[in-house]
Amino acid sequence: MSQTPSAGTQLTVAEKVFDFVDERVGLRLLTAKMLNEAVPGGSRWAYVFGSILLFIFIMQAVTGVLLMLYYVPTADHAYASTQYILHDVDYGWFLLSYHFWGSTAMVVCVFAHMSQVFLWGAYKKPRELIWLVGLLLFALVMGFGFTGYLLPWDQRAYWATTVGVEIMDKTPLIGDFLARLLKGGATPGQMTLSRFFVIHVMVLPAALIGLAGLHLFLFRCAGPGGPFRGTPQELKAKTDYFFPRQIWKDVVGMAVVFASICAMAFWEPVVLLEEATPDPGDYHPEPEWYFLFLFQHLRLKMFSGEFGQFLGAIAFPSLLGALLIALPFIDRSPERNIFKRPIALTLWVLFMVSILIFTVSAIINREFLD
Amino acid sequence: MNDQMSPTKLGLGILWPAFWTGLPIKLAIAVLFLAFGIIHLETRIALAFLMLLTSPVTVFALPTITMGLDSHIGEGVGIALLFLLAIPIDIWALGVAGRTFFLERLRREPPDGLGLTLWWKCALVGAIFVPILWVAESATTDFSISVAQSIFETGFLEGTPVPERISIELTLWGTVATGVLLLLFGIGFSLVGRVIRGTVQSARHAPENYEGLITRWDLMRVPADQGLLLTALSGVAVVLSLLFWSALPVFTPHPHDCCKKEEVKAVPAFKPLETLNKDEKMIAQLAARVELLVEQRAKAELEKERSKEKGNTGKEEVKVPEATEPAPPAAMKP
Amino acid sequence: MQPQLKSKVRCADRDVGEVTKVIMDPLSFEVSHIVVSMNGASERQVPMGAVQTVMDDLVQLRSSSSEVLALPPFKRDDYVTLHEIEVPGLEKHIDVTPGEVLVPLPELERNVKRRKFFANLTYVMGLFIGLPLVYPVLKYVMKPMFAPFDNQWQKIGNVGKIKADDTGTQFEFKHKVKEAYLPEAEIEKNVWIVKATPAVLEKVYQGKDMEFRDATGKTLWTNKKDIPFIAFSGKCPHLGCGYKWRKHKVLGPVFLCPCHVSIYDASGKVIEGPAPRPLDVLPIQVTESGEVQIIDMEFKAGTRVQSRMV
């Protein structure tokens, strides 16, 4: 169990280095505390999503740094340098497509992770803070998607940003200021590109690293929730440590996600449209798929006019956000079994179904535009 | 314990973990095939993923669906090969998932060859049921879509704006289609559960207490020769990576109009037979020409001789064939 | 109240020893057992259910001493200390401070061989993710590193500019480059031309024509040994600085590099300083009207043998 080598055997170099550091910083205690955390009810495949998100983020950072070797965030060369990556740099198309589909995988896994926490009742006492920091991380992931979308500087990028910033502009009081702050002016241009670039590669990653660290720290303080049912005898029999069985499951999950992203990169590699201009030509502006449901519901009649627009673009999403923030404080019953929380289950199903319906509606809606 | 488990629960309890157990390996192969370009998936990639995930039951149903019902998930030999390779993987996955389920949930001794038994039973049920499910679901979807559309064509709803209409129609037919799909899935899992119930009932009860069962199940996952398995797996990782590297296109397979590579590098492919035939023809032609020239020269010589015999009168005529001296090397460019 | 370490343990009939360890249940955070040392002899693990009352320094058991003795001996290997495991929040529930507080080692973690297996399997799975990326990423990064050489002749001016024999004259020229996705641009570069007397010429060519080859080994150009114009690359062969033609107080007019004071004579030979090889001679063409053309080459600095970079 303990990592002290049995007496009489020769120490390897690695063991000597480990002992050297341990003597000075207490590495043995630290690794024990980090890795030997008992998981109530045992390691599970269902618990892999948090680690997968960390993995996707690291891969996004690695591919992102590689892309920055060739990409320049200037309005006159952003498009050309992205095309250069796609057409001239060896395997550049693959790394760019991986980065693109990695962002989609991130959004999918964030939804899975949040749904799981919701359904498992894992946001309840004593884990409220983990939930709140998690919501911030969710906002950051969406921010990554929104800012990264502009960088290739093609028509798709330009128009998604134009519409997105217009939505932000509808916020009462500070909307105009916020929109100008992001755009660096009245209309999207070089200043917008610079700002989005620096937010995408500096501000958001720094914030995400900090908040993810806090998220993990808070998680370690509260400990894993474990399954919401099972007799103590069953839980005890299946209990094991975070390392190695949960980590091994996590890494298999990562491999599956890695393979899926690669498959998507082959199936639909990134292809840019024409270079961005304020003339859309034949192009029908549309945001990335995970914003489609928001985009589609703004087409409804009830959200037309200035007030309707405010309702659809600002009030409803804010209300939803506020509800999510307030969730652990509204729902204070300690019951975690989702089958004994009918309201929570119904709300989750309704929310997911409405996202699905509006996303698919947006896709069907394309037929009416040609 | 758990002898009264419903067949739906039994089917789902074994199939669900088995689906996911086999997936990582199948996915790795799928990625490799995609890199090699022997699979071209169409727009329904989610369906392709689902088919691959559920390959223990779709493996025999897929040919029926693609050929019999004329709706396919993609092109290329890779798909057939992938589903063929999925068979041993699924047998293994069903074995692992089945043994775990037998020990942990049913507390029974898993019989020998459990994976193979479960696999042929699942595949058999799937071969019959999945095409039925496919037909029933498509018919339901088509029917509910047409009904939903006809509702909106009646007079009083005609003024509905397009976005509202799309979403309401989608909700209407989506609810029906999803309901039927869930029902069919339930029936399918229940069928699988019924088919494998015999195997369950013939299995002996396991003697240990719960903790002992879990420990045995955990030990079951560790191979006798750890080093061998780990080395073999590392070897597989290396081989797969090498294959991946050799298959991965260097530049984008979908170039943009702006940046198409210049045609300079488009050296016509060397086709040995064609080139050989062409060269043979050319040689034959040239040979014929040489022969002709030799003949002409011979004639000329003859005439020269004759003209010599006749005196200086024929000199001008002699020069003519010399002017048509052949220049074959220029024509020899391949 | 929780049992204290070192407190006496009294059975229904007599004292049997003292509490040496406390075992916590990691799920309920309650003390589940105490470990009693039987007056220095072997240890027994007594469940809390057998405890009647707990006082400051005494634990009163319900059972008799013979019943306690009949319990199986305490197995230390089935437990871990709080230094070896993380149980969030457990410390807050412990009143005892000194000595060892134990929690049970989970059944699934007792087999080191199995633990090792899953750990190693994790590394192998990591290989499946990392290895496929190695070659593409390497090639991606290497793309601009080994660009082909530009062997175009560059017009750099007229030899009429040269005022005296065996002196360095700087010729500045514009070299057209097309870098990656940027539009074609001109960069300013310079070479030094020397109109050499036969003695200096001999020092440079040593009686042989100088051949220049391209990357495939094909001859690009030959500098004839009796043509008096010599072109030197503007890059110091020591560490790549730009050198000048200067009057040295002791050595007279020389090529002098201001960075590390490498000094070369008019033939490019190192007279003083750290440079490992003479100045790099470039292919040169001079027309009858005196127009000079060179092939712009740069060589790796700091090596004894020339190796072309640009």
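Naming: A, B, ... by sequence-line order, numbering from 1 per chain.
With a 4.5 Å cut-off on non-hydrogen atoms, L96(A) does not touch chain B at all. Proximity to chain B (any heavy atom under 4.5 Å) is shown, for E274(A), by both the backbone and the side chain. For chain B, no part of F258(A) is nearby; none of its heavy atoms comes within less than 4.5 Å.
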Query raised in the report: Stepwise, does the side chain to side chain contact (heavy atoms under 4.5 Å, CB included) test hold for D90(A) with F251(B)?
Result: CA-CA 6 Å; D90(A) 304 23; F251(B) 302 111; 3.9 Å; yes
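Considering all non-hydrogen atoms of both residues, Y91(A) and L248(B) come closest at CD2-CD2, 3.3 Å. Taking each heavy atom of P255(B) and H87(A) in turn, the nearest pair found is CA-NE2, 3.4 Å. The heavy-atom pair separating V31(B) from A259(A) by the smallest distance is CG2-O, 3.1 Å. Nearest heavy-atom pair, W93(A) versus V250(B), reported as atom, atom and distance to 0.1 Å: CD1-O, 3.4 Å.
Between the side chain of H256(B) and the backbone N or O of Q83(A), no donor-acceptor pair lies under 3.5 Å.
Here the side chains of R299(A) and E164(B) are not in contact, with every heavy-atom distance at 4.5 Å or above. Within the 4.5 Å cutoff, no side-chain heavy atoms of S361(A) are placed close to those of P163(B). Side-chain atoms of F266(A) and L41(B), non-hydrogen and from C-beta on, never get closer than 4.5 Å to each other.
Ion pairing of E104(B) with K238(A) is present here, as a side-chain N (NZ or NE/NH1/NH2) and a carboxylate O approach within less than 4.0 Å. A salt bridge is defined here as a Lys NZ or Arg NE, NH1 or NH2 lying under 4.0 Å from an Asp or Glu carboxylate O, and R245(A) with D218(B) meets this definition.
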